[in-house]
There are 2 protein chains.
Amino acid sequence: MRISHSRRLEPGSTSRRVYSSLREAIIAGELEPGQRISENELAERLSVSRTPIREALTLLRDERFVQVVPQLGTFVTRISSAAVADAQFVREALECAAVRVAAERADRNDIAALEGLIRRQEEVVAETNYERFALLDDEFHAAICEISGRGFAWEVAQRAKGHLSRVRRLSLPQPNYLSTMVVEHHAVLDALRRGSPDDAEAALRHHLRMVLSAVPALRDEHPDYFEDEEERSA
Amino acid sequence: MRISHSRRLEPGSTSRRVYSSLREAIIAGELEPGQRISENELAERLSVSRTPIREALTLLRDERFVQVVPQLGTFVTRISSAAVADAQFVREALECAAVRVAAERADRNDIAALEGLIRRQEEVVAETNYERFALLDDEFHAAICEISGRGFAWEVAQRAKGHLSRVRRLSLPQPNYLSTMVVEHHAVLDALRRGSPDDAEAALRHHLRMVLSAVPALRDEHPDYFEDEEERSA
DNA sequence: CCCTGTATACTTACATACAAGTGGTAATGA
DNA sequence: TCATTACCACTTGTATGTAAGTATACAGGG
């Protein structure tokens, strides 16, 4: 529990700041899966009352980032393979549908913007900066959804991602991971340039499934981060 | 504002009851688009304090069912054609992806269950009961997602639906609407029976787009329910 | 008549107090 | 030594109080 020291609160309403702060802390692994978090302690650390804390936790619970057990405590959810698969399915469905539209709508400016993003990614690959690459990767996928005219799809996909983001963050330090990603981004861009929805969808689908391949290794490395014996309850 | 009289609170935690109650009231149109709702008034009507009201509104704001303006008021969002299109895109992408999987996985029991649902729908069509049909329609689509092994997709789709549900509810009283729906359900089921992902996807996509066709007529009938001059703000 | 400034009655955002329930722990008895 | 029981510290859920901001109605001056 080192939120207040390591992470400054961004501008916005208090509860919004708390929400963003906690969400990022969970995805970044600063709050570990299974860890119990206390409303009172959070309120003290962040120097706010319990009310905005509770509002933030309400949202995080809705995203399955935390699990609230009445009169017992609030816990950071463990990563469930089933939940990861669910998130993958949602993201794949939404982004692949978006890229098909994008392939038909992308103009020269759109293509140029994507090329610029990939160039920046290549720079980051050279310096092996996982943190910045993750941001640029998100930008690339968001840009595709934006080109399709359905930026909302990216919002939903990112929302549903949940556990997926945590897995990705954990799985970054793998050999050739970043360079492989860039190659696949190129494949998607080529398909967009040709205006081929089928090729673009296939390339993106293949790309999106790369992340999943790392899950088994992660389970071996951090078995306590995963929780698969019990299904998600309503 | 006739919540307390027309709608009983379901079991569950207080804030959860308030949330469900308000959500259904908005979708059903009991709370009209653009209407201002007061935390104090809601708390009084539902005989609870403002705290659970605020938690429910936090969730509803996240789903774009309400818009909260600080120090001014909370308003039921108007229906935006862009938001409806977004919801349609999300639903279409998720359910079409699910039905492809379902076409490959459905066994005799699954097909029989869907047949049973359609039979019940035919009964409801005979009595022209829009309310019950809406429930059975949801059950049908949820069942398809369930068969695909990705029930989560239905949860996300339903969440994203938002304004879409409100449009559907408004658009029900149209001639031959229900019988057309059943015919299209049959088409989807036939494709599933044949185990053809392509046909199932095509049939479902066609079916899902039926709802949208009613939007223009609705805008003419209830122009004050729609809000399209300003884009949704972050 | 019109414009302007002010008081007021609302609103949400946040802080705090109280209630109800849980699990661990230590004391007590066999 | 072990089982049982009562207690206590802690949790979240709910209620209420305080602060700050907005729109509106109204009075007064031009």
Side-chain angles (χ1 to χ4, degrees), chain A residues 1 3-4 8-22 26 31-78 230 233-234, chain B residues 1 3-4 8-22 26 31-78 230 233-234:
Chain A
M1 188 79 62
I3 302 301
S4 59
R8 275 281 166 276
L9 293 178
E10 308 86 75
S13 76
T14 302
S15 59
R16 192 74 194 176
R17 287 199 306 269
V18 172
Y19 164 76
S20 301
S21 174
L22 288 178
I26 291 174
L31 293 175
E32 297 189 356
Q35 179 177 344
R36 193 181 69 176
I37 54 184
S38 160
E39 293 181 1
N40 288 315
E41 189 172 351
L42 282 178
E44 194 175 354
R45 298 272 184 186
L46 299 175
S47 299
V48 295
S49 77
R50 275 183 54 212
T51 303
I53 299 287
R54 281 187 61 80
E55 284 199 28
L57 289 179
T58 298
L59 253 25
L60 291 171
R61 177 183 52 183
D62 200 54
E63 292 186 64
R64 299 188 198 277
F65 277 120
V66 302
Q67 181 176 7
V68 177
V69 182
Q71 275 73 39
L72 210 170
T74 302
F75 304 86
V76 178
T77 54
R78 286 191 162 83
E230 61 179 15
S233 62
Chain B
M1 188 76 68
I3 303 301
S4 60
R8 275 280 166 276
L9 293 177
E10 306 86 76
S13 77
T14 300
S15 58
R16 192 73 195 174
R17 287 199 305 268
V18 172
Y19 164 76
S20 301
S21 176
L22 289 178
I26 290 174
L31 294 175
E32 297 189 356
Q35 179 177 345
R36 193 181 67 178
I37 52 184
S38 161
E39 292 182 0
N40 288 315
E41 188 173 350
L42 282 178
E44 193 176 353
R45 298 270 184 186
L46 298 175
S47 300
V48 295
S49 76
R50 281 174 33 230
T51 303
I53 299 288
R54 280 185 62 80
E55 286 199 25
L57 289 179
T58 298
L59 253 25
L60 291 171
R61 177 183 53 185
D62 199 54
E63 293 186 62
R64 299 188 199 277
F65 277 121
V66 302
Q67 181 176 7
V68 177
V69 182
Q71 277 70 39
L72 208 171
T74 303
F75 304 86
V76 178
T77 54
R78 286 192 163 82
E230 63 181 15
S233 61

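- Atom CG of B/Leu46 and atom P of D/dA15 are 11 Å apart (whole Å).
- Residues from residues 71-78 of chain B placing a heavy atom under 4.0 Å of any atom in DNA chain C, listed by number, are B/Gln71, B/Leu72, B/Gly73, B/Thr74.
- D/dA15 atom C1' lies 14 Å from atom CZ of B/Arg54, rounded to whole Å.
- The distance from the OG atom of A/Ser49 to the CD atom of A/Glu44 is 13.0 Å, given to the nearest 0.5 Å.
- Atom OG1 of B/Thr51 is separated from atom CZ of A/Arg50 by 9.5 Å, given to the nearest 0.5 angstrom.
- Ranked by how close their nearest DNA chain C nucleotide is to the 5' end, A/Ser47 and A/Pro70 are led by A/Ser47.
- Of the side-chain N and O atoms in A/Asn40, none sit less than 4.0 angstrom from OP1 or OP2 of D/dC10.
- Contact annotation: B/Arg50 does not reach the phosphate of D/dT14 (side-chain N/O to OP1 or OP2, under 4.0 Å).
- Taking only distance into account, the side chain of B/Arg16 never meets the base of D/dG13 through a donor-acceptor pair shorter than 3.5 Å.
- Nearest heavy atoms, A/Glu32 versus A/Val76: O-CB, 3.4 Å.
- The residue among B/Thr51 and A/Glu39 whose nearest nucleotide of DNA chain D lies closer to the 5′ end is A/Glu39.
- In this structure, OG in B/Ser13 is found 12.0 Å from OH in B/Tyr19, a value given to the nearest 0.5 Å.
- Of all nucleotides in DNA chain C having an atom under 4.0 Å from a heavy atom of chain B, the first and last in 5' to 3' order are C/dT11 to C/dC14.
- Distance check: A/Arg61 CZ to A/Gln67 CD gives 10.5 Å after rounding to the nearest 0.5 Å.
- Note on B/Ser49: a side-chain N or O is less than 4.0 Å away from OP1 or OP2 of D/dA15.
- Between the P atom of D/dA9 and the CD atom of A/Glu41 lies a distance of 18 Å, rounded to the nearest Å.
- To the nearest 0.5 Å, atoms CD1 (A/Ile53) and CG (A/Leu46) are separated by 5.0 Å.
- At a threshold of 4.5 Å between non-hydrogen side-chain atoms, the residues A/Ile26 and A/Val66 count as touching.
- Although no hydrogens or angles enter the test, the distance criterion places no donor-acceptor pair under 3.5 Å between the side chain of B/Thr74 and the main chain of B/Val68.
- To the nearest 0.5 angstrom, A/Arg54 atom CZ is 13.0 Å from A/Leu59 atom CG.
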